[in-house]
Amino acid sequence: MNIALIGYGKMGKIIENLALEQGDRIAAAVDPLFPGERTLSGAPVYRRIAGLGENGAAGNGAAGPVDAALEFTGPGSALDNIKALAELRIPTVTGSTGWQDRLEEARAAVEAAGSSLLWASNFSLGVNLFYRIAAFAAKLADKFPEYDVAGYEIHHNKKADSPSGTAKTLAELVVNNMRGKRSPVYETLNRPPRPEELHYASLRVGSAPGSHSLVFDSPADSIELTHTARNREGLARGALTAVRWLVRCPGPGAAAGEGRQGVFTFDDVLAGIIGGECV
């Protein structure tokens with residue numbers, strides 16, 4: 001598969017190395033900080049996404065056609081990147097966080113172009129299994145009112161958004177599965193939390209790759225569920241799994257090799273893996 005990397009920072013380089021190990025090819029990268037340079041595997045680096053289609057059809061401006069794009073930038077640029085890739089009809093997997101409050105805007109652009117987008121707050125397989133465990137735990141705890149619940153997350157001190165997208169997803173899963181918790185609160189509380197509030201706190205320190213926890217606490221005991229990332233490779237592996245599912249696994253009613261159209265999440269990929277779909 002020929003992949004374009006949108007964002008060529010630490011994550012982009014990790015994805016490149018892993019993609020090459022798995023037999024994929026980096027056709028190009030896009031990063032305004034490195035225009036005119038080359039990636040580690042020799043692909044051109046463009047300043048703008050428009051460079052991918054400069055010579056006509058989508059992807060012909062790069063070093064070969066682009067089958068899909070992996071977008072890992074930041075909350076300030078993700079939505080514009082998604083729209084630009086949709087116009088070029090390049091299937092896109094994005095791991096950027098902090099832009100999802102404008103998801104419907106992205107959906108409209110993708111659907112109007114007849115393209116495809118797959119997004120997630122976290123592409124780690126372990127985190128996505130943790131989501132399901134957390135939802136089940138919240139549903140169980142909901143039967144026992146003596147258990148209160150809260151959460152916290154820890155990330156490196158260069159992370160641009162707080163709370164993390166993963167923390168928001170975990171908080172939403174709890175709220176959706178516990179009748180007593182109706183509203184997540186992420187900011188500092190200078191008062192006791194109200195019973196219906198789920199307090200989810202954030203800590204930024206050093207080089208920590210990411211840790212997310214839920215705490216179910218009663219007067220008698222405490223249950224803590226935690227996922228801790230050892231490095232960013234798990235995110236890269238999940239993103240590459242997602243892009244193969246998006247491009248190579250036909251959707252309902254589609255012929256083999258046609259890929260998918262529309263907007264999807266990593267939960268769709270996980271459901272496909274559990275259900276025996278191609279990956």
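Model, not experiment: these values are computed from the prediction.
Checked for salt-bridge contact, Lys13 and Glu16 miss the test: no charged N lies under 4.0 Å from a carboxylate O. Salt-bridge annotation for Glu233 and Arg237: present, with a side-chain N of the basic residue lying under 4.0 Å from a carboxylate O of the acidic one. Salt bridge present: Glu197 and Arg191 bring a charged side-chain N and a carboxylate O closer than 4.0 Å. No salt bridge links Asp142 with Lys181; every basic N to acidic carboxylate O contact stays at or beyond 4.0 Å.
Taking OH of Tyr46 as the start and CG of Leu5 as the end, the distance is 13.0 Å to the nearest 0.5 Å. Interatomic distance, Leu246 CG to Phe266 CZ, rounded to the nearest 0.5 Å: 12.0 Å. Between the OG atom in Ser115 and the CG atom in Leu85 there is a gap of 8.0 Å [rounded to 0.5 Å]. Atom CG of Asn81 is separated from atom CZ of Arg48 by 12.0 Å, given to the nearest 0.5 angstrom. To the nearest 0.5 Å, atoms CG (Leu117) and CD (Glu111) are separated by 10.0 Å. One finds the CD1 atom of Ile6 at 10.5 Å from the CD1 atom of Ile15 (value rounded to the nearest 0.5 Å).
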Mind running side-chain contact (heavy atoms from CB on, under 4.5 Å) on Leu170 and His212 for me, showing each step along the way? CA-CA 9 Å; Leu170 284 168; His212 296 86; 3.7 Å; yes
Can Val215 and Val149 be said to form a side-chain contact (heavy atoms from CB on, under 4.5 Å), step by step? CA-CA 5 Å; Val215 180; Val149 61; over 6 Å; no
Would Thr94 and Leu70 satisfy side-chain contact (heavy atoms from CB on, under 4.5 Å), going step by step from the backbone distance to the final call? CA-CA 6 Å; Thr94 178; Leu70 281 166; over 6 Å; no
Could you walk me through whether Arg204 and Glu153 pass the salt bridge (Lys or Arg N to Asp or Glu O under 4.0 Å) check? CA-CA 9 Å; Arg204 298 290 175 263; Glu153 53 105 347; 2.8 Å; yes
Tell me, with the steps shown, if Thr73 and Val30 meet side-chain contact (heavy atoms from CB on, under 4.5 Å). CA-CA 10 Å; Thr73 58; Val30 176; over 6 Å; no
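Between the side chains of Ser222 and Glu224, no donor N or O sits under 3.5 Å from an acceptor N or O. With no hydrogens or angles considered, no side-chain donor-acceptor pair links His227 and Ser211 at under 3.5 Å. In the model, Ser96 has a side-chain atom that pairs as donor or acceptor with a side-chain atom of Glu71 under 3.5 Å. With hydrogens and angles left out, the side-chain atoms of Ser77 and Asp80 include no donor and acceptor closer than 3.5 Å. A donor-acceptor contact closer than 3.5 angstrom is absent between the side chains of Thr166 and Ser164.
A donor-acceptor pair is defined here as one N or O able to donate and one able to accept, closer than 3.5 Å; such a pair exists between the side chain of Tyr200 and the backbone of Ser213. Distance alone, capped at 3.5 Å, places no donor-acceptor pair between the Asn157 side chain and the Val205 backbone. Between the side chain of Thr228 and the backbone N or O of Thr226 there is no donor-acceptor pair closer than 3.5 Å. In this structure, Asp24 contributes its side chain and Met1 its backbone to a donor-acceptor pair below 3.5 Å. With Arg89 contributing its side chain and Ala113 its backbone, the two residues share a donor-acceptor pair below 3.5 Å. For Arg260 (side chain) and Cys249 (main-chain N/O), a donor-acceptor pair under 3.5 Å exists by modelled atom type. Judged purely by atom type and a 3.5 angstrom limit, Glu196 has no side-chain atom pairing as donor or acceptor with the backbone of Arg194. Using modelled atom types, no side-chain atom of Asp221 and backbone atom of Asp217 make a donor-acceptor pair closer than 3.5 Å. The backbone N or O of Phe264 lies less than 3.5 Å from no partner atom in the side chain of Asp268, so there is not a single donor-acceptor pair. Side chain of Asp67 to backbone of Asn2: a donor-acceptor contact under 3.5 angstrom is found.
Relative ring orientation between Trp119 and Trp99 is described as perpendicular, the plane-to-plane angle rising above 60° on a 0-90° scale split at 30° and 60°. Taking the six-membered ring for Trp and thresholds of 30 and 60 degrees, Phe72 and Phe123 have ring planes inclined between 30 and 60 degrees apart.
Ile26 approaches Ala43 most closely through the heavy-atom pair O-CB, 3.3 Å. Shown here for Met178 and Ala138, the closest heavy-atom pair between the two residues is CG-O, 3.3 Å.
Taking the side chain as every heavy atom from C-beta outward, Arg25 and Leu20 never approach each other to under 4.5 Å. For the pair Leu88 and Leu52, the minimum side-chain heavy-atom distance is below 4.5 Å. At least one side-chain heavy atom of Thr97 sits less than 4.5 Å from a side-chain heavy atom of Lys159. Contact annotation: the side chain of Leu40 approaches that of Tyr8 to within less than 4.5 Å [non-hydrogen atoms, C-beta and beyond].
Cluster annotation: Val127 and Ile274 are assigned to distinct hydrophobic clusters (Ile/Leu/Val/Met/Phe/Trp/Tyr, side-chain heavy-atom contacts under 4.5 Å, transitive).
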